[in-house]
Amino acid sequence: MPLTAEHPEDSTRSRMDAILQQFTDAAAIAGHTLTVQAAMGWMWRGDLDHARTSLRALPADKLRELSAAAAALSALADEIACETTGEAQP
């Protein structure tokens with residue numbers, strides 16, 4: 001967005017607002033990713049209580065996305081494990 005001679009501060013403010021919004025959105029995505037990684041780490045260790053605490057920090061829509069991704073990952077892991085060992089898939 002180019003600066004205008006009439007109101008350069010409006011244009012600069014709009015650009016700064018857009019940059020701040022992009023940064024805020026990126027920070028939220030990074031925060032969600034770190035929260036999911038923390039929950040996975042707790043589950044890997046078998047600590048359901050800490051995993052639950054981590055997941056409670058996520059909004060409901062992200063929890064649903066995580067649930068779908070986890071189900072797909074679980075199925076894929078089982079498939080690859082069967083390929084690796086030569087077992088029949090369940």
Side-chain angles (χ1 to χ4, degrees):
M1 179 180 310
L3 294 177
T4 61
E6 298 155 3
H7 302 287
E9 66 282 350
D10 290 343
S11 180
T12 301
R13 186 175 303 122
S14 294
R15 290 171 55 187
M16 292 301 293
D17 287 346
I19 291 168
L20 180 59
Q21 186 59 53
Q22 289 175 342
F23 177 78
T24 301
D25 294 345
I29 291 169
H32 292 156
T33 300
L34 291 172
T35 299
V36 168
Q37 288 176 335
M40 181 62 185
W42 290 121
M43 288 303 296
W44 194 278
R45 292 172 188 83
D47 192 331
L48 188 62
D49 290 335
H50 278 101
R52 182 178 282 116
T53 299
S54 293
L55 292 175
R56 284 192 175 125
L58 294 171
D61 65 316
K62 296 302 175 193
L63 290 168
R64 289 184 188 99
E65 289 175 12
L66 173 60
S67 179
L73 181 62
S74 176
L76 182 60
D78 287 341
E79 177 185 317
I80 293 172
C82 288
E83 289 173 3
T84 303
T85 62
E87 297 174 21
Q89 292 185 23

By salt bridge (Lys or Arg N to Asp or Glu O under 4.0 Å) - contacts of D49 (at least two apart): R52
Minimum heavy-atom distance between T35 and A57, given as atom pair plus value: CG2-CB, 4.3 Å
Connected-component partners of L63 among ILVMFWY, side-chain separation under 4.5 Å: V36, L55, L58, L66
Distance-only side-chain donor-acceptor flag, D25 / Q21, under 3.5 Å: yes
Rounded distance [0.5 Å steps], CG in L48 versus OG1 in T53: 9.5 Å
Atom pair CG (D78) and CG (L73), whose distance is rounded to the nearest 0.5 Å: 9.5 Å
Cluster companions of M40 among Ile, Leu, Val, Met, Phe, Trp, Tyr (side-chain spacing under 4.5 Å): W44
Approximate separation, where rounding is to 0.5 Å, of L34 CG and I29 CD1: 12.0 Å
With sequence neighbours excluded, residues passing side chain to side chain contact (heavy atoms under 4.5 Å, CB included) with E65: K62
Contacts of type side-chain hydrogen bond (donor to acceptor under 3.5 Å, both in side chains), residue E83, not counting sequence neighbours: none
For H50, ring-ring contact (aromatic ring centres under 6.0 Å, His included) partners two or more places apart: W42
Considering all heavy atoms, the nearest A51-A39 contact: CB-O, 3.8 Å
Approximate separation, where rounding is to 0.5 Å, of E79 CD and T84 OG1: 10.0 Å
